[in-house]
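A, B, ... follow the sequence lines: proteins, then strands. Residue 1 opens every chain.
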Number of protein chains: 2
Amino acid sequence: MATIYEVSKLAGVSLATVSRVMNNNANVSDATREKVTRAMTELGYRPNSIAQSLASNCSNSVGLLVSELHGPFYGPMMSGIETAFRKQGKHVIIAAGHSNEEREQQAIEFLISRNCDALILHVEAISDDYLIELSKGKTPFVLINRYIAELSSRCIILDNVKGGYLAAKYVLEQGHTDIAYISGPLWKKDAQDRLTGHKQALAEYNLSFNEQLLYQGDFMEDGGAAGFQYLHNNGPQFTALICANDEMATGAMATARECKLKLPEQLSIMGYDNVFFTRHVYPPLSTINYPINEMGRMAADWVLSNVYQKNTPPLQTLFEPELIIRQSVLTHPQ
Amino acid sequence: MATIYEVSKLAGVSLATVSRVMNNNANVSDATREKVTRAMTELGYRPNSIAQSLASNCSNSVGLLVSELHGPFYGPMMSGIETAFRKQGKHVIIAAGHSNEEREQQAIEFLISRNCDALILHVEAISDDYLIELSKGKTPFVLINRYIAELSSRCIILDNVKGGYLAAKYVLEQGHTDIAYISGPLWKKDAQDRLTGHKQALAEYNLSFNEQLLYQGDFMEDGGAAGFQYLHNNGPQFTALICANDEMATGAMATARECKLKLPEQLSIMGYDNVFFTRHVYPPLSTINYPINEMGRMAADWVLSNVYQKNTPPLQTLFEPELIIRQSVLTHPQ
DNA sequence: GTTATAAATGTAAGCGCTTACATTTAATGT
DNA sequence: ACATTAAATGTAAGCGCTTACATTTATAAC
């Protein structure tokens, strides 16, 4: 592999000049720029990005931490991020935290030790304190789907209260009054918020929230299954079930069907996230759209703007959920 | 950030010695190792991986190129790979090729310019020739789901002929004789192979393959939808439809249902890949398992073994498909 | 034609490590 | 105790770039 040295020799200029044309910043005369470019192509020169990083103290890499690399939620997020960065010649290093505190911490340290210029984090288990502490370090980061007041300007979030509200309101509008709810783990802010929104809508309809119709799930399929089972056996009657995310809705649907319920005739079901496969389940699931791809792009823009001083479209930090109507919720026959 | 220099000063030894304890290779006495380690923790020293890379000419990074970062197929693959590498302190740089020749090439060049020690490629559009040429370069790579005779030892593949055979055989065993087939793009080797296996099974049952019952799809949902539409309108009758992958099966199911067919009663459907959401569609889709997660891990092991000289479990290059029976295929009433 | 000023280029010192080689120290045999 | 050999440590030259600063060259002003 040719080095900058050989290029400079062939072109008959100094190292610095070659470097200048590479980074086309300083003033280089058209003539020498031409000479150098020609020498580069002649030698098939490709700059060594490692050396560039060491000398410039900038690795051009950003670390991306998600809970899982698989799973319907993270794909679109990573996708949005990778696209935005590659356009700018930055690369993304991925790591998975598996919703586990220790592993999330390890992943962050791994990414930092890899000299990432910035981090994009979707973390669940790690504490606010850790993140606040981290923010004092030298590696800047953005948070996706997590709000910490002290770090508010770098939190890219969805208005989950509103999402919860939208879901419940829609179901209420269809005439349902006996509505069960399977929440996420309530120590998670997003799970709380969605429930808050849910209750808000209920209140608007002058319905009180029945604690017996609440089951605390885990945001995973099994939680939905267990939740339905529990509510079906122990709770009061209900004609609609709202789940705090799509996977739980899917689990609940499968179990409901096992219990010989006809869907959606005997039970309306509502999801949350609008994960891509919701179109494919049967009946196609009505849900709340979570614009995770856009939020990923926004996170990328955040670092492009704040870390790499690039011009980007205006940054946005709060995203809006949106109701997606499909066929899993039926009008309740008065 | 403390550097190796400060550590050496604090510990009262030379740079080289510190480097030695870091890479714990050479002979260092326990006493000095101890001294150095203490100095390191005292200073909170973390080696600068960029500098290490430059000096050692090894970036400890491997490039991973997939068609899409989202999509049900790639998630488990990336997951297997990331896990394997992080355990060994290697990091993975991801890029998406979008099944497009130019973008795949760009991505490969990007990854190489990033000084990846090795590449793991899941490419579709790029030519064999390009890859053969690439193999002469200095960056080693493995191919997933692609077989090139000249590069056979670095091709990690599934026996797609067998998979196609398995799917057809199962449907035949259920008594179906009029079987439609939606293939992938037939210029792709895997699409061809699956079809070959399909025909093989048919032949075993003394059934001739009816070209009118074949539709060439695109491995995407829309292709499945269009395929069903076409076959339904133009082809002879059929009681079963085999699709060359799950997304097309999903598309076909949706369209079949729009045409008022009852599934699976009026049409049995078979998929391929066993992508995770096949459990969730209705009726749950019978399919062929593609052990993509394991294959990803194997690709990682390949580079760990061949590039980083690590000990790994024995390498395997050919994986076996497996029949997954769910509820989308019904016994054909004689 | 000078001088002042800006533009273009060159020089050389790093960036923080690894590693070949040289040197010192310890271990072993006699 | 001395020579021989192995183990432990040190020295210093890179790895391929960037960039502050110095120098040279072109441009403008008078």
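- Between the CD1 atom in B:Ile50 and the CG atom in A:Asn115 there is a gap of 4.5 Å [rounded to 0.5 Å].
- For the pair A:Leu15 and B:Asp30, both in contact range of DNA chain D, the more 5′-proximal nearest nucleotide belongs to B:Asp30.
- The side chain to side chain donor-acceptor pair (under 3.5 Å) analysis of residues 297-307 of chain B, with sequence neighbours excluded, yields the pairs B:Asn293-B:Arg297.
- OP1 and OP2 of D:dA8 both lie 4.0 Å or more from every side-chain N or O belonging to B:Thr32.
- Counting any heavy atom pair closer than 4.0 Å across all strands shown, A:Thr17 reaches sugar-phosphate atoms only and no base atom.
- At least one side-chain nitrogen or oxygen of A:Ser14 sits closer than 4.0 Å to the OP1 or OP2 atom of C:dG10.
- With contacts defined as side-chain heavy-atom distances shorter than 4.5 Å, the pair B:Glu294/B:Met298 does not qualify.
- For the pair A:Asn57 CG and D:dG16 C1', the interatomic distance rounds to 16 Å; values are reported in whole Å.
- Note on the helix from C:dG1-D:dC30 to C:dT30-D:dA1: angle between the axes of the first and last five pairs equals 30°, rounded to 10 degrees.
- Atom C1' of nucleotide C:dA7 and atom CG of A:Asn24 are separated by 17 Å, given to the nearest angstrom.
- Among pairs with a residue in residues 139-154 of chain A, those fulfilling side chain to side chain donor-acceptor pair (under 3.5 Å) read A:Asp128-A:Arg146, A:Asn145-A:Asp190, A:Asn145-A:Tyr290, at least two apart in sequence or across chains.
- For A:Ser53, the side-chain hydrogen bond (donor to acceptor under 3.5 Å, both in side chains) criterion is met by no residue, not counting sequence neighbours.
- Judged by the 6.0 Å distance and 45° axis criteria, B:Lys90 is positioned over the aromatic ring of B:Tyr308.
- For B:His122, there are no side-chain hydrogen bond (donor to acceptor under 3.5 Å, both in side chains) partners at least two apart in sequence or on another chain.
- Distance, B:Met40 CE to C:dG16 P: 15 Å, rounded to whole Å.
- Distance OH (A:Tyr5) to P (C:dA12): 13 Å, rounded to an integer number of Å.
- Of the residues in residues 45-55 of chain B, those lying under 4.0 Å from DNA chain D by heavy-atom distance are B:Leu54, B:Ala55.
- At a threshold of 4.0 angstrom between heavy atoms, the contacts of B:Ser29 are confined to the sugar-phosphate backbone, with no base atom among them.
- With sequence neighbours left out, B:Ser113 forms a side-chain hydrogen bond (donor to acceptor under 3.5 Å, both in side chains) with no residue at all.
- Among pairs with a residue in residues 3-18 of chain A, none fulfils salt bridge (Lys or Arg N to Asp or Glu O under 4.0 Å), at least two apart in sequence or across chains.
- When rounded to the nearest whole Å, the span between CG of A:Asn27 and C1' of D:dT25 equals 13 Å.
- Contact annotation for A:Val18: no contact, since no heavy-atom pair falls under 4.0 Å across all strands.
- Taking all atoms of both residues into account, the shortest heavy-atom contact from B:Cys155 to B:Ile148 is SG-N, 3.5 Å.
- The side chain of A:Asn23 lies closest to D:dT18 when the candidates are D:dT11, D:dT18, C:dT18.
- A:Ser19 pairs with exactly one of A:Thr17, A:Asn23, A:Val21 by the side chain to side chain contact (heavy atoms under 4.5 Å, CB included) rule, that one being A:Asn23.
- Listed by first then second residue, pairs satisfying side chain to side chain donor-acceptor pair (under 3.5 Å) with a partner in residues 70-84 of chain A read A:Ser67-A:Tyr74, A:His70-B:Ser79, A:Ser79-B:His70, A:Glu82-A:Arg86, not counting sequence neighbours.
- For B:Phe276, the ring-ring contact (aromatic ring centres under 6.0 Å, His included) partners two or more places apart in sequence, or in a different chain, are A:Phe277.
- The stretch residues 108-117 of chain A has no heavy atom under 4.0 angstrom from DNA chain D at all.
- For B:Arg38 and B:Glu42, the salt-bridge test fails: no basic side-chain N is under 4.0 Å from an acidic carboxylate O.
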Write out a two-atom table: protein N or O, nucleotide N or O from nucleotides 20-26 of chain C, distance below 3.5 Å.
none

